[in-house]
Amino acid sequence: MPLTIASLNINSVRARPHIVEQLVAARPVDILCLQETKCADAEFPRALFERLGLRHLHLHGQRMHHGVAIASRVPLAPVARHDWQANGEARHIAVRLQSGIVLHNVYVPAGGDIPDREANPKFGQKLDFLARMTDWSGASTEPAILVGDLNIAPLPEDVWDHRALLDVVSHTPVEVEALGHLQASHGWCDLGRRFVPPPQRLYSWWSYRARDWDASDRGRRLDHIWCSPALVDSSRSVETLRAARGWPKPSDHVPLIATFDL
DNA sequence: ATGGTCGAAAGTCGA
């Protein structure tokens, strides 16, 4: 039996129950990893997930901003809630699958608009978040899967216009380098690109501000599914569910769906 | 160079 893991920046879980329902109706999701749930754990819409069979909930939320959650058909064991900025923001939750594999669900800070540490502290915080994750990841040897909104589109084919976005936060060389260090620290395999290699374009986010997101197609690949080297041969597929961007009241991100034989 | 759109929250900010 394949195991299906989906990851989605839902941009408020309370505002978008219909997106969760449509996703689960469209694909056989076993474990759903959400980012930007934007609610405290006490406000989390538990009944929605229980009704959909995703009754094992592991929450790391906060009021208003950020927040990550894992909803699963299969039991999971809690592992950690990391705070790489030591500022209380809820951005990283980890659980253990019955097979022993650890699943990390991460929401990397967006980093503000100006790609300069001095002019924009949020940009420095994003780079520091990645550096602290890199230290942790380099020391970790157990087989793991890491999913989430990493808020960086690393490859030229991950954005609609590489040259135009070189100074736009999410695609600047310094961010791409930082993400590269994180990836190299553990030998993480970028499964999105294992199954959809360049020069194919692959996006997971389209701005709300576009007049016609589909026609202009000015997307970026901000969302990722990575796995440890030991798990690469167990991975079977990764799909970016582009159609979800056209669903009613969508998130600006679409789900990534990975299957593994584990 | 600007604004375009969302959500949560209050009458603005972060994305």
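The chains referred to below are lettered A, B, ... by the order of the sequence lines, with proteins before strands, and numbering in each begins at 1.
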Margin query: Side chains of A:Ser207 and A:Trp213 only: does a donor on one sit below 3.5 Å from an acceptor on the other?
Written below: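 Result is no, nothing qualifies.
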
Notebook entry, point to check: How about A:Lys38 and A:Asn11: does a side-chain donor come under 3.5 Å of a side-chain acceptor?
Noted result: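 Per modelled atom types, A:Lys38 and A:Asn11 side chains form a pair under 3.5 Å.
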
Next item on the list: Applying side-chain contact (heavy atoms from CB on, under 4.5 Å), name anything that partners A:Arg236, two or more places apart in sequence or on another chain.
Entry: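 Residues passing side-chain contact (heavy atoms from CB on, under 4.5 Å) with A:Arg236: A:Thr259, A:Asp261.
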
Next item on the list: For A:Ala258, enumerate each residue passing the side-chain contact (heavy atoms from CB on, under 4.5 Å) test, keeping only those at least two apart in sequence or located in another chain.
Entry: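 Here the qualifying residues are A:Ile225, A:Val238, A:Phe260.
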
Check: Out of curiosity, A:Asp223 CG to A:Asn151 CG, how far, rounded to the nearest 0.5 Å?
Finding: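 Rounded to the nearest 0.5 Å, the CG-CG separation comes to 8.0 Å.
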
Side-chain donor-acceptor pairs under 3.5 Å in residues 101-116 of chain A, sequence neighbours left out?
unit_1   : atom_1 : unit_2   : atom_2 : d
A:His104 : ND1    : A:His92  : NE2    : 3.0
A:Asn105 : OD1    : A:Gln35  : NE2    : 2.7
A:Asn105 : ND2    : A:Leu34  : O      : 3.1
A:Asn105 : ND2    : A:Ala69  : O      : 3.0
A:Tyr107 : OH     : A:Glu36  : OE1    : 3.3
A:Asp116 : OD1    : A:Glu118 : N      : 2.7
A:Asp116 : OD1    : A:Ala119 : N      : 2.9

Next item on the list: May I have all residue pairs that pass side chain to side chain donor-acceptor pair (under 3.5 Å) and include part of residues 57-83 of chain A, sequence neighbours excluded?
Entry: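 Those involving residues 57-83 of chain A are A:His66-A:Arg91.
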
Taking the [atom1] atom in each of [N] and [M], what is the distance between them to the nearest angstrom?
N	M	atom1	value
B:dG7	B:dG11	C1'	15 Å
B:dG14	B:dA9	P	15 Å
B:dA1	B:dA15	P	24 Å
B:dT5	B:dA10	P	24 Å

Next item on the list: With DNA chain B as reference, determine whether A:Pro109 or A:Met64 sits nearer its 5' end, using the nearest nucleotide of each.
Entry: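 Going by which nucleotide is closer to the 5' end, it is A:Met64.
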
Next item on the list: Between A:Asn9 and A:Ser12, just flag the one whose closest nucleotide in DNA chain B comes earlier from the 5' side.
Entry: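 Its nearest nucleotide lies further toward 5', so the answer is A:Ser12.
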
Next item on the list: Would you indicate what A:Arg218 reaches in the nucleic acid, counting non-hydrogen atoms under 4.0 angstrom: base, sugar-phosphate, or nothing?
Entry: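 Nothing: the residue A:Arg218, judged by heavy atoms under 4.0 Å, touches no strand.
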
Notebook entry, point to check: Among residues 204-216 of chain A, which contact DNA chain B at a heavy-atom distance under 4.0 Å?
Noted result: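 Within this stretch, A:Tyr208, A:Arg209 sit under 4.0 Å of the strand.
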
Notebook entry, point to check: When A:Asp217 is tested against each of A:Tyr203, A:Trp160, A:Trp206 for side chain to side chain donor-acceptor pair (under 3.5 Å), which residue passes?
Noted result: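 The passing option is A:Trp206.
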
Note to self: At a heavy-atom distance below 4.0 Å, which nucleotide of DNA chain B is the first touched by chain A, and which is the last?
What the structure shows: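 Taking any atom under 4.0 Å from a heavy atom of chain A, the span is B:dG4 to B:dA15.
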
